[in-house]
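Structure record follows, encoded as structure tokens.
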Protein chains: 2
Amino acid sequence: MEDTAAPVSAQEQVASPRRAPSQQRSRERVERMLAAASALIAEQGSDAMRMGEVAERAGVSIGSLYQFFPDKRAIVWALAERYTAESQACISAALAGVSDAEGLQSAFSELVDIYYRLFLAEPVMRDIWSGTQADKALRQLELADSRANAEFLTAVLKRLRPAVDPATLETTAFLVWQMGEAAMRLAISVERQEGDRLVAAYKRMALRELLAE
Amino acid sequence: MEDTAAPVSAQEQVASPRRAPSQQRSRERVERMLAAASALIAEQGSDAMRMGEVAERAGVSIGSLYQFFPDKRAIVWALAERYTAESQACISAALAGVSDAEGLQSAFSELVDIYYRLFLAEPVMRDIWSGTQADKALRQLELADSRANAEFLTAVLKRLRPAVDPATLETTAFLVWQMGEAAMRLAISVERQEGDRLVAAYKRMALRELLAE
DNA sequence: TCAAAATATGAACAATCCTCACATTTGCAA
DNA sequence: TTGCAAATGTGAGGATTGTTCATATTTTGA
């Protein structure tokens with residue numbers, strides 16, 4: 001909450017640059033804008049989110065919104081960036097100490113559960129990662145995030161299976177991670193019961209792959 | 001190619017109904033509309049596709065477009081439906097005769113290769129299935145298609161592993177299939193070389209799962 | 001032959017993203 | 001304190017684009 005990386009970082013990769021809020025006042029307003037956007041996304045999805053509505057709910061003018069965000073997607077991007085930063089720390093912590101097969105098994109299993117609960121509970125996160133395929137900038141962010149997360153997994157695998165070609169382990173980790181995200185998206189788009197079964201099946205499949213050979 | 005299911009079938013699930021083309025003339029025009037849309041999607045993606053441009057390129061008025069398609073998404077949907085129908089026949093044929101592990105291995109491997117090549121070669125298909133996450137109707141179509149395809153796989157598994165609980169096999173087949181689609185989408189969004197490696201890794205992972213126990 | 005149904009048309013409407021010229025507030029050096 | 005430059009705030013209006021609808025034309029079938 002303290003620093004809240006300026007939304008400008010998003011624009012560097014997304015659209016024409018905007019000013020970063022430098023004053024206390026504007027920083028608070030940007031927070032309100034993001035909060036309003038978040039609420040609206042939770043209610044109706046990011047596609048139905050209207051810029052005018054975001055401004056109104058944040059108590060600012062439409063012009064102020066565009067002072068800090070170059071376009072609509074940049075707002076979603078800024079929210080997405082926060083989620084990735086948050087979850088990355090959590091994943092790193094969960095996998096850091098793992099050094100044997102049992103450790104990996106329980107750590108990975110728990111990680112999947114946490115992610116699944118997160119997807120079920122956070123409509124905003126769910127919406128954002130769903131739109132990932134359509135929006136190029138979001139897709140890039142997700143890929144970068146996924147690679148970073150996969151690296152933690154790769155590190156564990158390298159310790160567990162030093163004999164295997166590192167490049168192969170990297171590919172495996174990345175694929176397993178991406179499959180996990182896909183499994184989550186699938187799971188939340190079907191009946192809860194079937195979703196649970198699918199996540200459990202993914203867990204088995206992933207662990208079989210991670211611990212194989 | 002012969003009947004080309006009237007685009008109306010899409011609307012039943014998507015938006016307000018439109019007239020189905022009943023005359024030869026209008027059927028040909030609808031074909032031109034779809035062809036124009038397909039070309040535009042291939043060039044710029046379905047998001048950048050403009051209704052006015054579709055009409056112009058098809059040589060019809062904008063009003064005629066809306067005579068047969070209730071909205072923009074319905075056009076994409078109609079194209080998607082054709083792809084699913086086509087590929088489903090191909091998949092059914094590939095898996096129909098499989099009755100042992102080796103057969104499954106080679107059939108599945110070939111199927112993945114075909115799909116991968118298709119994804120690489122068909123920008124329209126690629127674009128449509130990418131937007132799948134964002135568009136609810138498309139997502140439903142993809143899920144239904146995926147379930148249908150997974151059923152062919154389930155049938156094979158039931159023959160190969162009669163001792164296992166059928167419900168488990170269904171879940172496995174559905175998950176493996178969805179993971180495959182996710183792997184394809186991932187593969188085509190990274191460098192070709194890495195994409196190839198990822199698809200190969202998926203193939204190994206999927207076969208390990210399908211032939212396990 | 002002719003009326004009803006089907007089809008064709010495109011100007012106009014409506015929704016919405018985003019810009020811009022101008023007003024206000026804040027930070028800070030003199 | 002004062003004054004000015006930089007930062008911030010505003011909202012009407014430009015621009016794009018999906019969609020409708022009143023009207024005109026063509027086809028069908030009796």
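Below, chains carry the letters A, B, ... as their sequence lines are ordered, and counting in each starts from 1.
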B:Arg25: what forms a side-chain hydrogen bond (donor to acceptor under 3.5 Å, both in side chains) with it, not counting sequence neighbours? B:Gln23
Excluding sequence neighbours, so at least two apart, what forms side-chain hydrogen bond (donor to acceptor under 3.5 Å, both in side chains) with A:Ser146? A:Gln178
Could I get the full list of salt bridge (Lys or Arg N to Asp or Glu O under 4.0 Å) partners for A:Arg185, not counting sequence neighbours? A:Glu142
Taking only residues two or more places apart in sequence, or in another chain, which ones meet B:Glu43 in a salt bridge (Lys or Arg N to Asp or Glu O under 4.0 Å)? B:Arg57
Quickly work out the [X] [atom1] to [N] [atom2] distance and round it to whole Å.
X       : N      : atom1 : atom2 : value
B:Lys72 : D:dT20 : NZ    : P     : 15 Å
A:Arg29 : D:dA7  : CZ    : C1'   : 12 Å
B:Arg18 : C:dA6  : CZ    : C1'   : 15 Å
B:Glu28 : C:dA8  : CD    : C1'   : 15 Å
A:Asp71 : D:dA15 : CG    : C1'   : 16 Å
A:Arg19 : D:dG9  : CZ    : C1'   : 12 Å
B:Leu65 : C:dA8  : CG    : P     : 11 Å
B:Phe69 : C:dT7  : CZ    : P     : 13 Å

Of all pairs that satisfy salt bridge (Lys or Arg N to Asp or Glu O under 4.0 Å), the ones with a partner from residues 128-139 of chain A, not counting sequence neighbours: A:Arg73-A:Asp135
Residues two or more places apart in sequence or in another chain: which of them pass ring-ring contact (aromatic ring centres under 6.0 Å, His included) with B:Tyr115? B:Trp177
What's the closest nucleotide to the B:Ser26 side chain, out of C:dT19, C:dA8, D:dT8? C:dA8
Phosphate contact (D:dT20 OP1 or OP2) by B:Tyr66 side-chain N/O below 4.0 Å: no
Residues in residues 41-63 of chain B with a heavy atom under 4.0 Å of DNA chain C, by number, are B:Val60, B:Ser61, B:Ile62, B:Gly63
Please indicate whether A:Gln88 has more than 12 foreign heavy atoms, meaning atoms of other residues, nucleotides or ligands, lying under 6.0 Å from its CD. yes
Compute both the distance and the angle, then confirm whether A:Arg18 meets the cation-pi test with A:Tyr66: under 6.0 Å from the six-membered ring centre, within 45 degrees of the axis. no
With 3.5 Å as the limit, what N/O pairs link the protein to nucleotides 22-27 of chain C?
none

Indicate, with a heavy-atom threshold strictly under 4.0 Å, whether B:Ser22 touches base, sugar-phosphate, or nothing. sugar-phosphate
Under the side-chain contact (heavy atoms from CB on, under 4.5 Å) test, residues paired with B:Ala206 that sit two or more places apart: B:Phe108, B:Val176, B:Tyr202
